[in-house]
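For reference, the structure is listed below as structure tokens.
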Amino acid sequence: MLQVDGLAVDYGSKSRWSNAVTGVSFEIRRGEILGLAGESGSGKSTVGYALLAYLRAGSRIRAGRVTFAGRNILDLPPSELRALRGREIGFVPQNPTTSLSPAMSVGRQVAEVLRFHGIRPPNGVQARVVELLDSVGLPDPAVIAERFPHQLSGGQQQRVVIAMAIACEPSLIILDEPTTGLDVTTQARILRLLADLRTRIGSALLYISHDLGALFSLCDRVGIMYAGELVEIGTSEQLLNGARSPYTRGLMASVPRLDRPPDRRAALKGILRRDALGEGCRFAPRCPSAVDACAAIVQHLETVAPDHSVACSRWRELGASA
Ligand code: ADP
Ligand code: MG
């Protein structure tokens with residue numbers, strides 16, 4: 001349904017650009033939940049923005065295509081982008097509460113999304129707004145609709161932003177760390193809501209998070225990013241039971257599991273340092289399985305099994321993790 005090919009995004013200015021995302025390719029299938037994981041700074045948000053052709057301050061799209069419904073989103077004129085965003089692709093940005101206007105009741109803000117896209121609900125806008133606020137699990141939705149953002153908790157604001165993103169029932173919804181900063185109960189509720197949404201309106205979701213546990217429980221497939229590259233992508237099952245990339249294994253070793261002892265050898269050491277990346281494998285300096293050659297070999301995703309690809313030239317020798 002949506003296909004990303006060779007996406008590369010830079011930050012900087014005329015004199016000096018540095019790449020935040022390089023050569024990222026993947027697809028999002030109709031109705032699926034795809035997760036995107038990786039340490040902070042790995043480029044997850046940059047990918048999320050690029051799928052809607054949003055450019056953050058000081059960034060440029062250097063290369064790539066994002067094909068959606070037969071069009072390259074990165075080539076669309078502004079008027080077509082405005083019509084597409086929110087209508088065909090919904091977006092819940094990281095820190096979604098900053099995307100709410102402080103001066104308008106939240107009900108009016110949800111109504112504004114419907115009005116902007118020319119949607120006339122059969123039962124009227126007001127009823128639809130209340131229905132949407134109800135569907136994201138807000139109690140007393142008619143009362144909440146009259147409130148201003150500052151009168152709501154962070155979790156409630158987050159749900160209002162999700163209600164805005166689903167208002168037009170888009171075929172794809174991108175959610176960037178939608179549960180960060182929320183308490184565990186609210187997080188669990190939002191995860192249930194998202195799983196529910198997919199069933200109810202059939203939307204595909206791109207769920208960006210560094211919370212691997214949440215990703216594996218929610219997503220059909222998960223992509224793992226490191227230093228701006230996609231290093232592995234597969235079904236949740238494939239990654240949980242047979243991750244191939246030493247980086248994926250390292251990330252997973254940092255998640256406590258009841259069913260097996262911690263894998264100390266795989267555990268990630270050090271931090272992602274963007275200023276010290278070599279020509280070849282970007283993870284090599286931190287990789288417990290690296291050999292000298294790795295630092296010189298540019299890594300490309302290779303197919304390991306149907307739906308499962310990894311960018312590690314040693315994947316055959318290293319075998320599966322399980
Ligand atoms: P993630 O969402 O995985 O934490 P981001 O996509 O936010 O990662 O960032 C990817 C890289 O781009 C990081 O190295 C980050 O420092 C850099 N970056 C992000 N936003 C900007 C910006 N506005 N200006 C310069 N560099 C940025
Ligand atoms: Mg981010």
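Just so you know, ligand 1 is whichever comes first in the structure, and atom 1 is the first atom listed for that ligand.
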Before giving the answer on salt bridge (Lys or Arg N to Asp or Glu O under 4.0 Å), spell out for R82 and E80 the whole-Å C-alpha distance, their side-chain angles and the decisive distance to 0.1 Å. CA-CA 5 Å; R82 277 193 298 274; E80 284 184 42; over 6 Å; no
Using only atom types and a distance under 3.5 Å, with no angle test, would you say the side chain of [X] pairs donor to acceptor with the backbone of [Y]?
X: S245; Y: E232; answer: no
X: R71; Y: L76; answer: no
X: Q158; Y: P178; answer: yes
X: R249; Y: A243; answer: yes
X: R314; Y: S289; answer: yes
X: R282; Y: A227; answer: yes

Considering residues, nucleotides and ligands other than R108, do more than 12 of their heavy atoms fall under 6.0 Å from its CZ? no
Sorted by chain and number, protein N/O/S atoms nearer to the Mg ion (ligand 2) than 2.8 Å are S45 OG, Q94 OE1
Transitively linked via ILVMFWY side-chain contacts under 4.5 Å: V143 with V129?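 Looking at the clustering, V129 is in a separate group from V143.
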Compile the protein residues with any heavy atom at a distance under 4.0 Å from an atom of ligand 1; present them by chain, then by number.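 Under the 4.0 Å cut-off, ligand 1 touches Y11, A20, E39, S40, G41, S42, G43, K44, S45, T46, R56, A57, R274.
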